[in-house]
Structure formats: structure tokens, C-alpha cells
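To keep things clear, I will list the structure first and then write my remarks on it.
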Protein chains: 2
Amino acid sequence: MLSKKTKYAFHALSYLAENQEKGAILIQEIAAAKKISQKFLESILLDLKKAGVLGSKKGKGGGYYLIKKPEEITLAKVIRLLNGPIAWLPCVSLNYYEKCGDCPDEATCNMHLIMCEVRDQTLRIVENKTVQDLVGSKQL
Amino acid sequence: MLSKKTKYAFHALSYLAENQEKGAILIQEIAAAKKISQKFLESILLDLKKAGVLGSKKGKGGGYYLIKKPEEITLAKVIRLLNGPIAWLPCVSLNYYEKCGDCPDEATCNMHLIMCEVRDQTLRIVENKTVQDLVGSKQL
DNA sequence: CTATTACCCTACAAAGTTTATAGACTTTAT
DNA sequence: ATAAAGTCTATAAACTTTGTAGGGTAATAG
């Protein structure tokens, strides 16, 4: 299941996408609009900034803004960043790979192959859906 | 990610599938063979029993045994039982459905639709793979 | 230059979940 | 009866998620 952090990230991103013309937007504005704890949201936006998704401006008139186009920010990127691995097993994860403790050979592990398939089908969707696809719906 | 509980369940089920001819099998035998805490495994097997997957016999000569054929036990069933929802959002879950707090209409929620798609693609795989498909590989 | 604004950072606490342990109880075969 | 085996309840340890608090730091307006 997606964590609240991840859902908040999508809420914030779609809000920023819907208000791009306003330039930099205050954390507190997003927090109020989407009813998210402001301090909690801060750390989420910071993660998104470090990942190159958002930019920020300090000082009076500052705030956060999209640094990429909404249609360039895939759901996969956001989920990996805030939620962690998309795969169901570490040995199948592209971005968080870890060897299975006692698995001698991934090529002959049936579970490995099945989980690869699940991962690929999931990625096929979330790599091709973007923040732009979230804009326009009333809610997430 | 799949929890240890879920992985243990798959290990235990494939062990039982591979040793069906031996009849009832001791918890401790499975625990030793798969290196799982015996007490922890107990509760897992009990869950599987309550779900109608396993049967058990108490007393001397007792143990656990498959009550369904390995090819009838889908991965989806085991995952739902031990890991929880397969869907990424409660409002998209078939077995653990919950309404989104503030979503007025699922039919117009883009996120809802995308997550439905992810769920369906995942289910298409794990509803059609069974414990039988795990048997034969060295590991899970 | 200086006060304000708002991002940035660290620490920690509360809550929940997962994993694991302990021990008593019940049932069954011999 | 007795030993063997599953069942049940309670609880603790470890970890993750979520949220709070407070101050530090950089940028901007005037």
C-alpha cells in the first residue's frame, strides 16, 4: 500500500501543476489546500527537491515550484522516492536491489521469475503515467 | 514488499507440496528445513489452516498437510492472507476495500483509475500462479 | 543593512506494524 | 496415563511511519 507520505507527495505535485502560473508557492498554502501537516509536508517537498523534481526560492515571495513539466514526472519516480521499492522482493528491485539471503541462483528461482513479471507489469503502467495524468480530477 | 511472514508461508507451502506423500508434517520439521522460528511459523500455519488451505492433526503423529492441491492455491490467496491487500490504495482493493476519506467520486478520480489498472495487471499474474509453480526451484 | 520571510535541518516522540518469544492449554495416539 | 503435537493468549523487541518542536540559515524587500 502507498504510504501517506506518497499520497501527500502526489497531492502536492498536482497542486503545483495546477498552479504553475503562480510561480513559487508557499508550503503553507499547499498544506492548507491539501490539509497536510505543514512540517511533515516540508520534508516531502525537500525530498522532491533533492530528486530534481522541484525547485525552491527562499526569502519573501519564495516557495516551491515544479522544475520539470508535469508530464515528465512519472508516478514511478515519486513512488520510488517516497514509498520505496516498487518490486515485491528486494532481489527483483531495479532501484533497491538486494541479493536474497539464501537464494543460490535467481535464474532458476521460480518466485524470482514470477515477481519479475509482476514488477514489469506494474512498471509498464507507472512509468508511463505522470503527474499530468493526475491533474484535473477532483481528488487523488 | 512482501513481509517475512508471507515468504515463510510460501516456503512452508512449497515444502508441504514437495512432501505430500509423507502425510502430516511436523511444524518443527518445516521450521528446521526452512530455518524459520518455530513459534512464528506456528501462527502462520494456523492462519493458513483457518483459511482452508491447510489441515492439521493433533497429538502424536500429527502435523500439517495440504488440504487443497498445490495448483489450486494461488499466490494471490496467500499474499492477501499473510501480507494484506494487493492493491496500492484501499479504495481500489477488492478484498480490503475502504472508501477514500475525501474522495467524492471514484469514477472521476484519475489516481483511482490508474491504481485499478495496476491492481488488475498484478492480479492477472498472481491469481494464475500457484504453489505448484513454486515447487521444483531450489529456493523461493 | 536589517528585518522579514520562508526554506533547511536536527532531534525526538507518538503510534502502528512486524517479528519473535514464552508459556499454558487442548487434543490425540499409544 | 503419558508423551507428543497443535492451539491459544499475552507480551516484548525491533522497526517503520507519522507527526511535532524548535531553531538555523539563506534570500529578499525596502
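Model, not experiment: these values are computed from the prediction. In what follows, chains carry the letters A, B, and so on, assigned in the order in which the sequence lines appear, proteins first and then strands, with residues in each chain numbered from 1.
- Contact between the side-chain N/O atoms of A:Ser3 and the OP1/OP2 oxygens of D:dT18 is found at a separation under 4.0 Å.
- In this structure, A:Lys60 and A:Thr6 both approach DNA chain D, and ranking their closest nucleotides by distance from the 5' end singles out A:Thr6.
- Here D:dT18 presents its P atom at 7 Å from NZ of A:Lys4, a figure rounded to the nearest Å.
- Residue B:Asn83 is the one, among B:Gly61 and B:Asn83, whose nearest nucleotide of DNA chain C lies closer to the 5' end (criterion: closest heavy atom).
- In this structure, A:Ser37 reaches the D:dT20 phosphate: one of its side-chain N or O atoms is under 4.0 Å from OP1 or OP2.
- The separation between B:Gln38 atom CD and C:dA20 atom C1' is 13 Å, rounded to whole Å.
- Between the P atom of C:dT19 and the CG atom of B:Leu2 lies a distance of 10 Å, rounded to the nearest Å.
- For B:Tyr65 and D:dG6, the shortest distance from a side-chain N or O to OP1 or OP2 is not below 4.0 Å.
- Using a 4.0 Å heavy-atom criterion, one finds that B:Leu82 contacts no nucleic acid atom at all.
- Placement of A:Ile67 and A:Leu46 in two distinct hydrophobic clusters is found when ILVMFWY residues are connected by side-chain heavy-atom separations under 4.5 Å, directly or transitively.
- When the side-chain nitrogen and oxygen atoms of A:Ser56 are compared with OP1 and OP2 of C:dA6, none of them lie within a distance under 4.0 Å.
- Within a 6.0 Å radius of NZ in A:Lys68, other residues, nucleotides and ligands contribute more than 12 heavy atoms.
- The neighbour count for A:Lys35 NZ, taken as heavy atoms of other residues, nucleotides or ligands under 6.0 Å away, does not exceed 12.
- Atom C1' of nucleotide C:dA6 and atom CD1 of A:Ile25 are separated by 15 Å, given to the nearest angstrom.
- Distances shown here put every side-chain N or O of A:Lys39 at or beyond 4.0 Å from the OP1 or OP2 atom of C:dC9.
- Here C:dG16 presents its P atom at 18 Å from NZ of A:Lys5, a figure rounded to the nearest Å.
- Residues from residues 40-53 of chain B with heavy atoms under 4.0 angstrom of DNA chain D, sorted by number: B:Glu42, B:Leu46, B:Lys49, B:Lys50.
- Contact check on A:Lys129 versus A:Glu71 returns no salt bridge, with no Lys/Arg side-chain nitrogen under 4.0 Å from an Asp/Glu carboxylate oxygen.
- When the side chains of ILVMFWY residues are joined at heavy-atom separations under 4.5 Å, either directly or via intervening members, B:Tyr65 and B:Ile44 end up in two distinct hydrophobic clusters.
- Hydrophobic clustering of Ile, Leu, Val, Met, Phe, Trp and Tyr side chains at less than 4.5 Å, counting indirect connections, keeps A:Met1 apart from B:Val126.
- Between A:Tyr8 and D:dT17 there is no side-chain N or O to OP1 or OP2 distance below 4.0 Å.
- Classification of B:Glu72 and B:Lys77 as a salt-bridged pair fails, no side-chain N sitting under 4.0 Å from a carboxylate O.
- Atoms CG (A:Leu26) and C1' (D:dT28) sit 14 Å apart, rounded to a whole Å.
- Between the OH atom of A:Tyr64 and the C1' atom of C:dA6 there is a distance of 10 Å, rounded to whole Å.
- Between B:Lys58 and the phosphate of C:dC25, there is no side-chain N or O to OP1/OP2 separation shorter than 4.0 Å.
- Taking a cutoff of 4.0 Å between a charged side-chain nitrogen and a carboxylate oxygen, B:Arg80 and B:Glu127 qualify as a salt bridge.
- Distance B:Lys57 NZ to C:dT28 C1': 9 Å, rounded to the nearest Å.
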